[in-house]
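Let me begin by presenting the structure, written as structure tokens, before commenting on it.
Reckoned from all heavy atoms, side chains included, excluding hydrogens, waters and symmetry mates. Not measured: the values here are computed from a predicted model.
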Amino acid sequence: MKKIYSYASIPKLFAVLLIMIFTGGCKKDFFDKQPLDAVSDATFWKSEDDAMLALTGVYGTGGAGWRGEDFWTPRALLYLDLMAGNGSEKELIPDKVTDGTNFSDYWLMRDYWANTYQRIQSCNNFLDHIDGISMDAPKKAAMIGEIRTLRAYHYFNLALYYGDVPLIQHVPKVAEANSVKRAPKAEVWAFVEKELKESYPALPKTRPNGENGRITTGASLAILGRVQMAEKKWAEAATTYKTIIDNNTYEIDPKYRELFWEVGEFSKEIILASQYQQDVYSHVMLQYLVPETWGGWHQFSVYNELVKEFECTDGRTIQQSPLYNPNTPYNNRDPRLDYTVMISDRTTYKGQTYKAHPDSASSPDRMSKYPVWSGYSINKFMDPNFSASIGNYGGNWNIVRYAEVLLSYLESKLEAGAAIDQALLDQTINKVRSRASVNMPPVTITDPTQLRTLVRRERRVEFAFEGLRYYDIQRWGIATQELNRQFTGMKLTTNPAGYTKYPVDNEGYYIMGKRNFKVGVNELWPIPQSERNINPNLSQNSGY
């Protein structure tokens with residue numbers, strides 16, 4: 001069994017205790033909780049061992065099994081890509097966030113908010129007490145850097161999606177709980193930048209396998225780079241990413257598919273991942289992903305708009321390549337298409353062919369009762385080596401990979417106005433494209449406008465369903481155009497004019513749902529009304 005430094009390593013008795021310490025009471029308001037220091041002062045925070053248990057608990061608070069959404073856990077990160085137009089969910093849970101029907105009492109908005117603040121609460125509680133423990137100073141500084149980085153990550157995402165949010169840096173007393181106000185987004189992100197810049201120098205560049213999952217210098221810097229890109233601080237972001245590159249800690253893995261399976265968890269490409277372990281601290285993503293033929297729920301559907309973005313094997317788009325045949329649209333394509341998407345009558349899993357053609361009654365996974373079903377499913381995380389209960393999967397979930405560092409460095413240099421030459425392309429995007437299992441032709445384009453289009457396409461296909469697509473379309477300012485459109489599924493016919501069984505477009509692709517993104521409203525998520533009912537000082541975002 002793998003050894004990981006995670007919540008999974010805590011004995012059950014301590015796990016219960018840590019939940020009591022770090023999550024507080026059960027009231028819905030994220031601030032209206034019993035004082036956390038009452039338990040910890042009496043029973044905890046006396047030794048270095050206590051600090052280590054507490055640190056482990058902060059990493060693991062929430063998220064395992066069936067627990068709800070935040071910006072750390074598998075389903076919640078995948079949901080972000082569905083919200084951003086890479087696919088759908090059969091009950092339309094994430095779709096509602098960006099289809100014009102989002103509202104302030106939607107449980108999903110409440111979950112991201114409440115669960116993320118629960119994680120922040122755990123970070124604050126740790127930081128409020130760690131100084132009182134006598135231990136090795138550099139070790140303590142590194143632990144503090146870890147927790148400050150985690151807290152910064154959570155605050156960055158809260159401000160990205162909700163805009164102005166309460167900026168709480170200590171566990172509040174009960175008297176403070178219901179009076180907090182929202183801090184401006186710029187103030188929150190300035191705090192995040194400061195926390196990360198002060199934290200990463202205290203962190204180690206690498207960790208032994210037994211500490212897999214703990215924050216490193218590279219992880220802290222990668223989060224800082226995301227923040228700087230969102231703020232369009234391009235030169236600063238380029239410097240941040242170059243620091244990671246120059247540390248010579250990470251590398252592009254020749255294997256792509258295995259990066260998302262349990263066997264690939266110790267790859268040198270993975271900079272940060274949330275940690276899981278079968279039978280101890282597992283998650284249920286395979287239960288959601290696996291089609292019914294293999295005993296799963298077949299929960300998610302892929303849109304053809306993502307499928308079309310994968311180039312042909314000659315490095316040209318399907319609009320440009322002579323290799324593309326519209327009657328056999330899935331042949332001669334970037335290998336990442338097959339690694340990422342299950343395609344009916346083409347993809348095999350555990351020795352069987354996936355059959356989900358929407359207009360075929362003999363396809364066991366067609367899910368025709370759901371009008372959002374496209375005939376495509378997600379293949380990326382479908383670990384064929386796992387044979388136990390699919391509701392008890394122990395594979396980690398990647399949050400940051402080195403591929404993101406290289407593509408983000410190139411984008412930051414491009415947007416900063418730096419000269420782009422072949423050497424830079426070969427050091428960045430071509431390393432990602434040339435991994436042995438992908439082996440796509442090298443990029444030679446240096447024209448800024450053309451390269452921008454190519455880099456954005458590369459990010460979409462490389463990171464599909466990893467939780468970065470929403471972040472990207474928000475910071476690029478293209479959410480409106482990407483989410484005000486008709487979406488389609490797989491190709492149903494080569495004769496669309498004579499086909500009548502299901503609605504298809506003029507290329508024969510299944511016509512599916514349409515998003516109606518509300519400009520000036522849906523760029524931000526609503527502040528949960530349940531929180532505003534408790535704390536009237538929380539203002540609401542426009543349009544909700």
Side-chain angles (χ1 to χ4, degrees), residues 19 23-33 61-122 154-155 157-166 177-178 180 182 274 283-285 287-289 297 299-301 370-372 391 397 465 467 470 474 479 483 513 515-518 521-536 538-544:
I19 290 172
T23 64
C26 59
K27 294 185 179 180
K28 290 183 178 179
D29 179 25
F30 61 90
F31 294 126
D32 187 12
K33 303 183 186 302
T61 299
W66 302 96
R67 294 188 181 114
E69 275 58 49
D70 55 34
F71 301 101
W72 189 256
T73 49
R75 185 178 67 180
L77 290 169
L78 189 150
Y79 270 4
L80 295 176
D81 263 43
L82 301 182
M83 294 174 195
N86 274 350
S88 184
E89 190 262 354
K90 69 183 184 183
E91 292 160 354
L92 300 176
I93 291 171
D95 304 49
K96 293 175 182 175
V97 177
T98 56
D99 72 355
T101 63
N102 199 3
F103 62 104
S104 62
D105 238 2
Y106 189 31
W107 69 265
L108 192 60
M109 303 294 87
R110 184 171 64 243
D111 268 20
Y112 277 101
W113 176 280
N115 293 328
T116 302
Y117 270 111
Q118 177 180 308
R119 289 187 178 275
I120 290 170
Q121 189 88 317
S122 300
H154 298 311
Y155 265 128
N157 282 292
L158 279 172
L160 177 67
Y161 295 106
Y162 291 96
D164 302 348
V165 296
N178 296 333
V180 294
R182 298 168 68 189
S274 53
H283 63 81
V284 297
M285 273 304 296
Q287 181 74 60
Y288 287 102
L289 289 166
W297 291 350
Q299 198 81 8
F300 306 119
S301 184
Y370 294 105
V372 299
W397 191 269
F465 305 113
Y470 203 156
Q474 286 281 63
L483 297 171
R515 298 277 177 96
N516 295 291
F517 188 84
K518 291 183 179 178
V521 175
N522 292 149
E523 288 85 355
L524 294 176
W525 295 352
I527 306 302
Q529 187 58 42
S530 57
E531 302 291 351
R532 298 186 67 236
N533 291 341
I534 296 170
N535 180 5
L538 293 176
S539 58
Q540 184 56 277
N541 287 326
S542 176
Y544 297 105

- Message: For Thr98 and Asn522, which I'm curious about, is there any donor-acceptor pair between the side chains at under 3.5 Å?
- Response: no
- Do Pro166 and Tyr117 have side chains that get closer than 4.5 Å, going by heavy atoms? yes
- Message: If you compare all heavy atoms of Ser104 against all heavy atoms of Pro526, which two are closest, and at what distance to 0.1 Å?
- Response: CA-CB, 3.7 Å
- Backbone of Asp111 reached by a side-chain donor or acceptor of Asn115 within 3.5 Å: yes
- Please find out if less than 6.0 Å separates the ring center of Phe103 from that of Tyr544. no
- Mark yes or no for whether Glu523, through its side chain, and Val521, through its backbone, hold a donor-acceptor pair below 3.5 Å. yes
- Query: Just by modelled atom types, is the Val97 backbone N or O under 3.5 Å from a matching donor or acceptor in the Thr101 side chain?
  - Reply: no
- Task: If the plane angle is over 60° it's perpendicular, under 30° parallel, otherwise tilted; pick one for Tyr79 and Phe300.
- Result: perpendicular
- Any donor-acceptor N/O pair, Gln540 side chain to Ile527 backbone, under 3.5 Å: yes
- Quick one: does Asn157's side chain get under 4.5 Å of Tyr112's, heavy atoms only? no
- Query: Nearest heavy-atom pair of Met285 and Pro74: which atoms, and what distance?
  - Reply: CG-CB, 3.2 Å
- Student check: side-chain heavy atoms of Asp105 and Gln529 closer than 4.5 Å: yes
- Might you point out which heavy atoms bring Arg532 and Ser539 nearest each other, and give the distance in Å? NE-C, 3.7 Å
- Task: Starting at OG of Ser301, measure out to NZ of Lys90 and round the result to the nearest 0.5 Å.
- Result: 11.0 Å
- Task: Examine distances only and state if a side-chain atom of Glu91 and a backbone atom of Ile93 form a donor-acceptor pair shorter than 3.5 Å.
- Result: no
- Message: So which atom in Asp81 and which in Gly467 form the shortest heavy-atom distance, rounded to 0.1 Å?
- Response: OD1-N, 3.2 Å
- Query: Can you name the closest pair of heavy atoms from Met83 and Pro94 and give their distance?
  - Reply: CG-O, 3.4 Å
- Message: Quick one, Trp297 with Leu289, criterion side chain to side chain contact (heavy atoms under 4.5 Å, CB included). Give me CA distance, side-chain angles, the key distance, then yes/no.
- Response: CA-CA 7 Å; Trp297 291 350; Leu289 289 166; over 6 Å; no
- Without swapping roles, check the side chain of Asn541 against the backbone of Tyr162 for a donor-acceptor pair under 3.5 Å. yes
- Message: Apply side chain to side chain contact (heavy atoms under 4.5 Å, CB included) to residues Glu69 and Leu108 and explain how you reach the verdict.
- Response: CA-CA 7 Å; Glu69 275 58 49; Leu108 192 60; 3.8 Å; yes
- Would a 4.5 Å heavy-atom cut-off, applied to side chains only, mark His283 and Arg75 as touching? no
- Geometric class of the Phe71/Tyr161 ring pair [parallel <30°, tilted 30-60°, perpendicular >60°]: parallel
- Does a donor on one side chain and an acceptor on the other come within less than 3.5 Å for Asn533 and Ser530? no
- Query: Closest approach of Asp164 and Arg182, non-hydrogen atoms and distance?
  - Reply: O-NE, 2.6 Å
- Task: Please examine the side chains of Trp72 and Leu77, heavy atoms only from C-beta on, and report whether any two atoms are closer than 4.5 Å.
- Result: no
- Query: So do Leu158 and Ile120 actually touch side chain to side chain, heavy atoms under 4.5 Å?
  - Reply: yes
- Message: Could you check whether any side-chain heavy atom of Tyr288 comes within less than 4.5 Å of a side-chain heavy atom of Leu78, counting everything from C-beta outward?
- Response: no
- Criterion side chain to side chain donor-acceptor pair (under 3.5 Å) on Asp70 and Thr116, from CA distance to verdict: CA-CA 5 Å; Asp70 55 34; Thr116 302; 5.5 Å; no
